[in-house]
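Remarks on the structure that follows.
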Amino acid sequence: MHSRDHVGVGSASTRWVIAAVSIGLLFSPILAFAFGVRGQPMENRAAVEFQGAEPGWRTFTELGGYLDDRLPLRSRAISADAWVDRQVFDEDPAFGGGSSPRVITGSDGFLFLADAVDNACAPHATPAQTVASLDRLASIIDASGRDIVTMVAPDKSSVHPELMPSDMERGDCFDAYTTELWGRLDAADVPGFVDLRAALQQRSQSSREPLYLRKDSHWDSAGSLVAVEAAIEAFAPGLWDADEVDYGGLAEYTGDLTGLRGNPEVDQAPLYAISRPDVTQVSMDVIDDIEGGFNRRWVNSAPDDRLIPGRTLVFLDSYGLLAIPQFVPFFEDIVVMRLFDYDPDRYVDLIGDADRVWFMTVERSASYRLEFEVGSTEFLDQLEIALGV
């Protein structure tokens with residue numbers, strides 16, 4: 001008989017063990033914090049900063065995230081919590097007092113972010129509303145005389161549903177949402193829209209590469225290259241040259257999903273880069289004082305017809321950030337702005353200064369951004385007036 005068979009969750013001794021572990025997990029980090037010890041975030045992101053009190057729920061959200069990221073012994077607590085979930089309860093770990101795991105274990109060693117399923121089953125807007133907002137955003141930019149490329153970067157779970165558990169909880173609502181969303185995107189005729197899910201599925205089938213990191217919530221460099229190629233071809237047909245893609249072998253990465261499970265793991269993935277030796281970087285400037293300096297402007301020079309001319313503005317999130325080294329060498333003047341740093345006045349000004357716009361959001365965040373931020377009625381009305389459409 002296996003050792004797990006000897007451990008009955010309902011036995012008195014086991015209940016005492018679980019209680020002791022739970023108390024330790026809960027109070028050890030808090031006590032250490034009180035004595036001045038500070039921790040670092042486990043997730044693949046910078047620590048949450050507390051900007052100060054302001055009316056509304058945002059203050060509590062920021063404060064909670066600030067304290068949570070800085071709890072000392074946090075990584076050990078998460079690892080211990082994960083061990084209890086796996087060894088005692090034989091299930092995927094769930095953290096933060098939640099009953100649902102943040103990570104879904106699929107087949108062939110693939111992990112999936114449960115947030116993608118959560119957002120599909122409880123979206124901030126219906127697929128019809130999301131697509132309508134994206135259509136209006138793209139139509140305003142298009143009507144102003146600017147070139148526009150619009151993309152929704154699909155989650156790994158949308159491109160590879162065959163690797164998801166067949167008995168996944170809430171699988172029905174996930175399938176229903178993704179089917180409707182992508183169906184409406186395909187039928188809507190949004191200006192500049194590129195169906196990345198279809199492109200990724202086709203490329204994955206032909207290359208026999210998954211195009212997504214096995215233990216991370218993002219695509220790999222082969223997957224991001226699909227989006228880059230599509231954008232370059234849309235803005236400047238014929239400029240893309242497959243011979244300028246270099247394969248650099250396998251590169252190591254630490255999967256963010258393994259961190260969420262409490263045990264960060266190093267994995268390998270293929271590395272693809274762009275080589276354009278006749279393109280010279282003239283300048284690279286940080287365009288704001290936001291922590292990390294992600295929002296930047298690049299200016300390049302090259303022989304005639306080797307660069308997309310004028311000013312290009314790219315709105316992106318973490319999916320696009322991974323592709324920056326791949327697409328920057330194709331543009332004469334390119335500004336990269338994170339969607340995390342939403343500022344309506346600044347976004348409107350940046351669009352007004354651009355000759356073309358490339359907008360790309362990850363699928364799991366699309367309903368929120370297109371309901372409350374760049375697709376909100378307030379922002380679109382402001383943009384429409386500013387561009388004189």
Side-chain angles (χ1 to χ4, degrees), residues 18 21-22 25-26 29 39-48 60-62 64-71 73-124 153-161 163-175 177-178 212-220 253-267 317-319 322 340 361-368:
I18 294 175
V21 170
S22 300
L25 289 172
L26 177 61
Q40 296 295 326
M42 288 283 293
E43 294 83 355
N44 186 17
R45 57 170 173 79
V48 170
F60 296 97
T61 302
E62 287 183 353
Y66 176 88
L67 293 175
D68 185 50
D69 277 352
R70 288 161 177 76
L71 284 178
L73 310 180
R74 181 171 183 252
S75 61
R76 294 184 182 181
I78 291 176
S79 297
D81 188 16
W83 184 90
V84 172
D85 284 339
R86 290 198 192 97
Q87 302 301 321
V88 177
F89 297 108
D90 193 21
E91 59 187 22
D92 283 330
F95 304 112
S99 59
S100 300
R102 291 288 308 280
V103 180
I104 297 171
T105 302
S107 57
D108 297 336
F110 278 82
L111 302 178
F112 296 86
L113 184 65
D115 290 1
V117 176
D118 295 340
N119 290 349
C121 290
H124 296 278
D155 288 302
K156 179 166 51 176
S157 45
S158 286
V159 175
H160 291 294
L163 297 174
M164 300 278 282
S166 58
D167 59 349
M168 182 180 66
E169 185 179 357
R170 295 185 295 173
D172 291 342
C173 61
F174 170 77
D175 292 340
Y177 175 84
T178 54
Y212 283 79
L213 297 168
R214 187 165 37 218
K215 299 185 182 298
D216 196 277
S217 61
H218 299 87
W219 51 22
D220 63 17
Y253 72 95
T254 300
D256 61 0
L257 297 179
T258 64
L260 287 177
R261 296 181 71 179
N263 185 27
E265 297 176 17
V266 174
D267 193 23
D317 50 28
S318 59
Y319 268 61
L322 297 172
F340 307 117
T361 178
V362 66
E363 178 184 356
R364 58 180 175 263
S365 299
S367 68
Y368 179 85

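Numbers here simply count residues along the sequence, with the first being 1. Predicted model, so just to flag it, every value in this text is computed and none were measured.
- Counting heavy atoms from C-beta on, the side chains of Tyr319 and Ser365 never come closer than 4.5 Å.
- Between Trp219 and the options Leu322, Leu213, Val159, a side chain to side chain contact (heavy atoms under 4.5 Å, CB included) holds for only Leu322.
- Using cut-offs of 30° and 60° for the angle between ring planes, the Phe110 and His160 rings count as tilted.
- Applying the side-chain hydrogen bond (donor to acceptor under 3.5 Å, both in side chains) test to Asp115 and every residue at least two apart in sequence or in another chain returns Arg102.
- At a threshold of 4.5 Å between non-hydrogen side-chain atoms, the residues Asp175 and Met164 do not count as touching.
- Contact of the Thr258 side chain with the Asn263 side chain is not registered, since no non-hydrogen atoms from C-beta on lie closer than 4.5 Å.
- Shown here are the ring pair (Phe, Tyr, Trp, His ring centres under 6.0 Å) partners of Tyr368, two or more places apart in sequence or in another chain: His124, Phe372.
- Residues forming a side-chain hydrogen bond (donor to acceptor under 3.5 Å, both in side chains) with Tyr253 (at least two apart in sequence, or on another chain): Asp267.
- For the pair Val117 and Phe112, the minimum side-chain heavy-atom distance is 4.5 Å or more.
- Asp216 contributes a side-chain N or O that, together with a main-chain N or O of Asp256, makes up a donor-acceptor pair within less than 3.5 Å.
- Nearest heavy-atom pair across Pro264 and Thr254 is CB-CG2, 4.0 Å.
- Checked against Arg364 for a side-chain hydrogen bond (donor to acceptor under 3.5 Å, both in side chains), the options Asn119, Asp317, Asp155 give a single hit: Asp155.
- In terms of heavy-atom proximity, Pro123 sits nearest to Ala120 at CD-O, 3.5 Å.
- In this structure, Pro101 and Ala114 approach most closely via the heavy-atom pair O-CB, 3.2 Å.
- Considering only residues two or more places apart in sequence or on other chains, Pro161 meets the side chain to side chain contact (heavy atoms under 4.5 Å, CB included) condition with none of them.
- Contact between Tyr177 and Ser367 at its shortest, heavy atoms only, is OH-CB, 4.0 Å.
- Considering only heavy atoms from C-beta on, Thr178 comes within 4.5 Å of Glu363 through its side chain.
- Remark: Ser318 engages His218 in a side-chain hydrogen bond (donor to acceptor under 3.5 Å, both in side chains) (not counting sequence neighbours).
- Looking at heavy atoms from C-beta onward, Ile104 lies out of side-chain contact with Leu111 at the 4.5 angstrom threshold.
- In terms of the side chain to side chain contact (heavy atoms under 4.5 Å, CB included) criterion, Asp172 has no residue partners (sequence neighbours excluded).
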